[in-house]
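Okay, so here's the structure we're looking at.
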Amino acid sequence: VGGVMKKHIDVYSEVYNEYKETPSAKELMSLAFREILPQKGNWISFWIPFGLATMATVIIMVSQNMVELTGKIANILLNIQLALFGCIFAVYSLIIGFLSDKVLKIYSQNVDSENKSLLKRYTDYYGSALFLYFFNIAFTGIVIIICECIDPAFRLTKVFELDNLMVDN
């Protein structure tokens with residue numbers, strides 16, 4: 001039994017050492033944004049949402065009721081974000097809970113191109129995704145508060161056509 005326990009501890013000791021370091025908030029933010037930036041093979045999955053978001057922004061900016069529309073969209077997005085966050089968190093927790101010791105050993109022993117264990121890599125990715133979700137939920141909440149505080153008739157200038165011209169250029 002003592003030999004089995006020693007072998008069990010050796011398998012996880014390197015992974016334990018990887019987790020001993022606590023990254024700074026700046027490092028967490030950098031890692032999180034690095035996960036969503038385009039890399040080889042995922043340019044399309046980056047530029048399509050970026051293009052759609054740009055079109056939606058232009059449509060909102062040229063509307064007569066920009067502030068009201070922004071607030072309504074932010075409320076809808078907040079509901080979607082909270083629902084997705086809850087689902088992702090629940091599914092990940094269930095998956096982690098059902099991982100067997102054998103699978104954890106395999107993930108602990110295999111390393112990626114950066115010489116990090118796959119277990120560390122996967123949990124770092126999940127941590128980055130959670131960080132981005134928290135950041136996004138907080139940002140959406142701030143947008144909602146700002147939209148509630150701004151006069152619904154707010155315009156960048158007093159002339160609607162000038163506002164549209166500023167958006168077009």
Side-chain angles (χ1 to χ4, degrees), residues 18-19 21-99 103 107 112-114 116-169:
E18 289 178 346
Y19 282 100
E21 297 177 18
T22 303
S24 67
K26 185 178 179 180
E27 291 171 331
L28 284 174
M29 193 175 294
S30 172
L31 180 64
F33 283 110
R34 198 175 330 135
E35 294 289 350
I36 63 169
L37 291 176
Q39 298 168 357
K40 278 186 181 177
N42 73 344
W43 285 95
I44 291 175
S45 63
F46 177 80
W47 287 110
I48 289 176
F50 183 80
L52 292 172
T54 303
M55 287 189 315
T57 301
V58 170
I59 291 168
I60 292 168
M61 292 297 293
V62 298
S63 73
Q64 288 283 352
N65 54 353
M66 176 183 71
V67 175
E68 181 183 345
L69 187 59
T70 302
K72 285 181 180 179
I73 291 171
N75 275 312
I76 292 168
L77 288 176
L78 183 62
N79 290 334
I80 293 169
Q81 291 164 4
L82 289 172
L84 284 174
F85 178 78
C87 291
I88 290 170
F89 190 77
V91 168
Y92 184 79
S93 298
L94 287 171
I95 289 171
I96 291 297
F98 288 119
L99 284 180
V103 173
Y107 284 162
D112 64 6
S113 60
E114 297 173 4
K116 284 199 299 191
S117 70
L118 292 180
L119 182 63
K120 175 75 170 147
R121 174 74 182 123
Y122 294 153
T123 55
D124 282 353
Y125 180 81
Y126 179 68
S128 295
L130 281 180
F131 179 82
L132 289 173
Y133 266 102
F134 280 131
F135 181 78
N136 195 24
I137 289 168
F139 182 75
T140 305
I142 290 168
V143 168
I144 292 170
I145 291 169
I146 290 171
C147 287
E148 289 295 320
C149 294
I150 293 177
D151 180 21
F154 172 78
R155 304 290 322 157
L156 296 174
T157 66
K158 299 289 182 203
V159 181
F160 182 70
E161 290 76 19
L162 184 59
D163 286 347
N164 288 340
L165 184 65
M166 288 171 42
V167 171
D168 289 339
N169 290 327

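Keep in mind that the numbers below use all heavy atoms, side chains included, and drop hydrogens, waters and symmetry copies.
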* Check whether any side-chain heavy atom of F33 sits under 4.5 Å from a side-chain heavy atom of L132, and report yes or no. => yes
* More than 12 heavy atoms of other groups within 6.0 Å of I44 CD1 -> no
* **Distance in Å, K72 NZ paired with C147 SG, rounded so as to fall on 0.5 Å steps** => 12.0 Å
* Asked: For S24, does its backbone N or O pair with a side-chain atom of E27 as donor and acceptor, under 3.5 Å?
  -> yes
* Can you tell me how far CD1 of I60 sits from CG of N65, rounded to the nearest 0.5 angstrom? -> 10.0 Å
* Between F85 and N136, is a side-chain contact (heavy atoms from CB on, under 4.5 Å) present by the stated rule, with each step listed? -> CA-CA 11 Å; F85 178 78; N136 195 24; over 6 Å; no
* Structure fact -> Output for pair (I150 CD1, I146 CD1), nearest 0.5 Å, gives 6.5 Å
* For the atom pair CD1 (I137) and CD1 (I80), what is the distance rounded to the nearest 0.5 Å? -> 12.0 Å
* Structure fact -> Sorted by chain and residue number, the side chain to side chain donor-acceptor pair (under 3.5 Å) partners of S128 (sequence neighbours excluded) come out as none
* Structure fact -> CD1 (I73) and CD1 (I144) are apart, to the nearest 0.5 Å, by 11.5 Å
* Is there a side-chain contact between Y126 and F131 (heavy atoms, below 4.5 Å)? -> no
* Could you state the interatomic distance from CG (L94) to CZ (F89), rounded to the nearest 0.5 Å? -> 10.5 Å
* With under 30° as parallel and over 60° as perpendicular, where do the rings of F135 and F139 fit, or are they tilted in between? -> parallel
* For the side chain of T70 and the backbone of M66, is there at least one donor-acceptor N/O pair under 3.5 Å apart? -> yes
* Closest contact, heavy atoms only, T140 versus A74 -> CG2-O, 3.3 Å
* Closest non-hydrogen atom pair between D151 and V67, with its separation -> O-CG2, 3.9 Å
